[in-house]
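The figures that follow rest on heavy atoms only: side chains count, while hydrogens, waters and symmetry mates do not.
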Amino acid sequence: MLLWVLMDLIPMDLALDYRVTPWCLDQQAWHVGLVTSSCTGTVWPTHMPSAGGGDPRQIEETKPLLGGDVSAPEGTKMGAVPCRRALLLCNGMRYKLLQEGDIQVCVIRHPRTFLSKILTSKFLRRWEPHHLTLADNSLASATPTGYMENSVSYSAIEDVQLLSWENAPKYCLQLTVPGGTVLLQAANSYLRDQWFHSLQWKKKIYKYKKVLSNPSRWEVVLKEIRTLVDMALTSPLQDDSINQAPLEIVSKLLSENTNLTTQEHENIIVAIAPLLENNHPPPDLCEFFCKHCRERPRSMVVIEVFTPVVQRILKHNMDFGKCPRLRLFTQEYILALNELNAGMEVVKKFIQSMHGPTGHCPHPRVLPNLVAVCLAAIYSCYEEFINSMHGPTGHCPHPRVLPNLVAVCLAAIYSCYEEFINSRDNSPSLKEIRNGCQQPCDRKPTLPLRLLHPSPDLVSQEATLSEARLKSVVVASSEIHVEVERTSTAKPALTASAGNDSEPNLIDCLMVSPACSTMSIELGPQADRTLGCYVEILKLLSDYDDWRPSLASLLQPIPFPKEALAHEKFTKELKYVIQRFAEDPRQEVHSCLLSVRAGKDGWFQLYSPGGVACDDDGELFASMVHILMGSCYKTKKFLLSLAENKLGPCMLLALRGNQTMVEILCLMLEYNIIDNNDTQLQIISTLESTDVGKRMYEQLCDRQRELKELQRKGGPTRLTLPSKSTDADLARLLSSGSFGNLENLSLAFTNVTSACAEHLIKLPSLKQLNLWSTQFGDAGLRLLSEHLTMLQVLNLCETPVTDAGLLALSSMKSLCSLNMNSTKLSADTYEDLKVNALPPPPQAGSQRQCCVLTELLLQGRGRYISS
């Protein structure tokens, strides 16, 4: 009777099994009735029926781990669970790798006596809650007390098992350690399986780190790497570290063993290739790949393995600054493609594969990443040039290298000061030209325009000016040869030489600016091939219409080293890219030819006559001016910059019959840009030197006479166009009569657009303009702000104007009332217009009617400013 009572107290999972296994016979000891499956180590009880024909036991959970009843295959013990790979394929569950979590812990020491077995029965066990952390080498608790007072090393864990027999603790897994067992009980089956797979992963990764840290035979190492890769690919854990951990292990292995043969290199690369399809290589592995690209650029591994890796980097990388070795690997890969027999044809096909077959690239990160790689490669070419100046020894054999390099550095530092650059070049910034903003100045007196015959004095004066304008200065040394073209309008402080020495000032001669030409730089063979490859890539990028706007925006700040801009070969090759920008009719593209801000040169300045990159007679300059003038850049600010800095080239090209330059000179006269009478006469003489110039100048004179006649005749003061009127109707009406006295014009609810601004600016007395519910846009608004200086009331309600056009209104100081209701006005522009568009209120007690801000109504999305 006592024996039966004791047997009831002993749990089924610790019941004695008096069957003797072969292992027990060898060890002459009794075996506790827990048998482990040879496939996965899953525990199953030996007290289950072993005779054939018995039904297998089911797991206690509502949904079994295998998704249903599992029958044991022939030749295996009943109740054994299939291996983990089969479990993954059957179940298809995915888990996130656990790093820490809350779980119940119970530790059972191996019983030695019959009484100890009773004390460790499930009725007498004590469970402790712990917050466990899965570190790299051990399982530890946040509160090291009780069962988890000491951490459990992964090397001490002999096996990790799921308790899946009948009457086993629910949602429990077992860790077999020397001298006992650690039971972990989760809250549900999903958490239990998550802990199970996470512990197995940590244990195996720890084992592979130890095995691969001390390699003996590389055949065994290669086999272990393949097994490690297979384990990562078939793991049910879904986490970035699952694929990164094997790559980091292999990366560390390669960094510590640099004496590998080329064949061993390729075998390792092929073994880890499946992991690289969806993961970036670690930094050390990138170094290994770069070395392979440099040493064996014609290897098939470069084409077959590295190509998808680089494609993924270019498509998904967000910032090369966080991992510069990814950029370096991409750079070396492209150079390896260039070393193939086909050379640039292979690189071109690679660029085409990155863009895709359609007209629009579906990957927005490809272009910025390619441009970043190109810029870094070009910088590296000139870094090698600078380093080669000193030489390999501890003493530089060329005494002139250091002074010349210091001069270049000082020139670059000088160029950082905005005041200094503004004193040399008053070119407007892109924002100022778009907005049509200019400094307030008095209107220059109008010079009477009349037809003149070519004067020999003026022609000779122009020839003398052209001859004296350029002067060549040469600075020679044993390493650097510098040729400088200096304009006669340079500042005296910059053209002064040092002392009485005939040699010019090196700071002036080596300065890379529009006042200088080029510095002849000879690169090494490898650097020269690298430079040619990546400049060619920039050309290829500029050929894609969908990439050209972004490429122009990325290159607008001129992100190249000073040495590159002084290198004649580089600027000559890059000219193709700038030409593509100048030929693109889209404003977002050709507007990037201008400087990004005031005081900084843009591509327009660099490739204009006298600029550092100009190597022609002004053809590219004329093309850039033509596309800019054909857009919305007919502003006084842009013409003023041309008159102050590029008047000589404009006149020379106009003298050669360039129609764009002829139009520029006529606009300078019409808008009264030139205030010097002699310069105006010279421009008139230049215009009458060609047939096209003479014809356009006659048209300009006719317009001036019509304007004066219009002002003399007078006309109505108020005019309202019928609804649905168009630009053509307005032009026909204004050309039919005299409207010199027109002060109030209403175009509300008509179909006029920004094109009608060309006719509105011919109304000098206009003070009130109503554009309510028209298609009048930013381009027309910028033109109005330049010419209608007397405008006081402007209604832009329900028009498509945006911040870009509304900011131009800040130059209209006579504006009193401005209605911007239901426009795309932003809050920042609204605050700016409140400050700049209207004058401050008058002093208290003033009775005169003046333009002051008296009402601010916020209606819908727009704004209404009245005075």
Side-chain angles (χ1 to χ4, degrees), residues 218 222 225-226 229 243 246-248 250-251 253-255 257-317 320 323-356 363 365-366 369-374 376-378 380-381 525-538 540-541:
W218 282 101
L222 185 60
I225 291 176
R226 290 170 179 166
V229 171
N243 292 326
L247 292 176
E248 291 175 357
V250 176
S251 177
L253 173 68
L254 295 174
S255 62
N257 298 271
T258 58
N259 56 349
L260 300 178
T261 64
T262 304
Q263 187 61 39
E264 290 171 342
H265 279 184
E266 294 189 355
N267 291 338
I268 293 176
I269 292 173
V270 173
I272 64 176
L275 292 179
L276 297 174
E277 294 180 0
N278 298 314
N279 300 275
H280 291 336
D284 292 339
L285 202 57
C286 288
E287 289 284 352
F288 175 70
F289 290 167
C290 291
K291 180 180 178 182
H292 190 82
C293 289
R294 288 191 294 265
E295 294 179 353
R296 299 202 64 190
R298 297 175 182 267
S299 172
M300 291 305 297
V301 171
V302 174
I303 301 295
E304 296 178 356
V305 179
F306 289 168
T307 298
V309 178
V310 174
Q311 287 178 339
R312 187 182 188 280
I313 291 174
L314 292 176
K315 291 177 181 178
H316 299 285
N317 177 69
F320 277 128
C323 189
R325 295 186 184 180
L326 286 177
R327 175 190 50 76
L328 183 61
F329 167 51
T330 306
Q331 178 180 330
E332 293 293 342
Y333 167 78
I334 294 177
L335 290 178
L337 294 183
N338 192 39
E339 293 294 330
L340 299 177
N341 293 333
M344 283 305 302
E345 288 298 325
V346 182
V347 177
K348 184 177 181 180
K349 291 181 180 179
F350 174 73
I351 299 299
Q352 290 175 349
S353 68
M354 295 307 305
H355 181 274
H363 306 286
R365 293 300 308 167
V366 169
N369 288 333
L370 281 174
V371 173
V373 171
C374 293
I378 293 173
S380 66
C381 295
Q526 181 61 34
D528 192 66
R529 287 195 299 270
T530 301
L531 179 66
C533 174
Y534 283 100
V535 174
E536 193 67 28
I537 290 178
L538 291 177
L540 294 175
L541 299 180

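- Cys293 and Tyr333 make their closest contact through SG-CA, 4.1 Å (heavy atoms, listed as atom of the first residue, atom of the second, distance).
- Put simply, CG on Leu335 and OG1 on Thr330 are 11.0 Å apart, with the number rounded to the nearest 0.5 Å.
- Using a distance-only test at 3.5 Å, with no hydrogens or angles considered, no donor-acceptor pair links the side chain of Asn317 to the main chain of Leu326.
- Rounded to the nearest 0.5 angstrom, Ile269 CD1 and Leu285 CG are separated by 8.0 Å.
- Interatomic distance, Gln263 CD to Ile268 CD1, rounded to the nearest 0.5 Å: 11.0 Å.
- Rounding to the nearest 0.5 angstrom, the gap separating the CZ atom in Arg327 from the SG atom in Cys286 is 11.0 Å.
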Side-chain donor-acceptor contacts of residues 342-351 below 3.5 Å, not counting sequence neighbours, with atom names and distances?
none

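- Using cut-offs of 30° and 60° on the angle between ring planes, the pair Phe289 and Phe329 is tilted.
- Here the OG atom belonging to Ser299 is positioned 11.5 Å from the NE2 atom belonging to His265, to the nearest 0.5 angstrom.
- No side-chain heavy atom of His316 sits less than 4.5 Å from a side-chain heavy atom of His363.
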Any chance you could lay out the side chain to side chain contact (heavy atoms under 4.5 Å, CB included) test for Val302 and Leu340, step after step, and finish with the verdict?
CA-CA 11 Å; Val302 174; Leu340 299 177; over 6 Å; no

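- Residues Leu276 and Pro281 come closest through the heavy atom pair CD2-CB, 4.1 Å.
- Donor-acceptor pairing under 3.5 Å is lacking for the side chains of Thr262 and Glu295.
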From CA spacing to verdict: side chain to side chain contact (heavy atoms under 4.5 Å, CB included), Leu538, Ile378
CA-CA 11 Å; Leu538 291 177; Ile378 293 173; 4.2 Å; yes

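- The CE atom of Met354 sits 8.5 Å away from the CG atom of Asn369 when rounded to the nearest 0.5 Å.
- Between Trp218 and Asn257 there is a side-chain heavy-atom pair separated by less than 4.5 Å.
- Contacts of Glu248 classified as salt bridge (Lys or Arg N to Asp or Glu O under 4.0 Å), with partners at least two apart in sequence or in another chain: none.
- Thr307 places a side-chain N or O within donor-acceptor distance of the main-chain N or O of Ile303, the cut-off being under 3.5 Å.
- Considering all non-hydrogen atoms of both residues, Ile334 and Cys533 come closest at CG2-SG, 4.0 Å.
- By the 4.5 Å heavy-atom criterion applied to side chains, His355 and Leu541 are not counted as neighbours.
- Evaluation of the side-chain hydrogen bond (donor to acceptor under 3.5 Å, both in side chains) test over residues 270-285, restricted to residues two or more places apart or in two chains, returns His280-Arg312, Asp284-Arg325.
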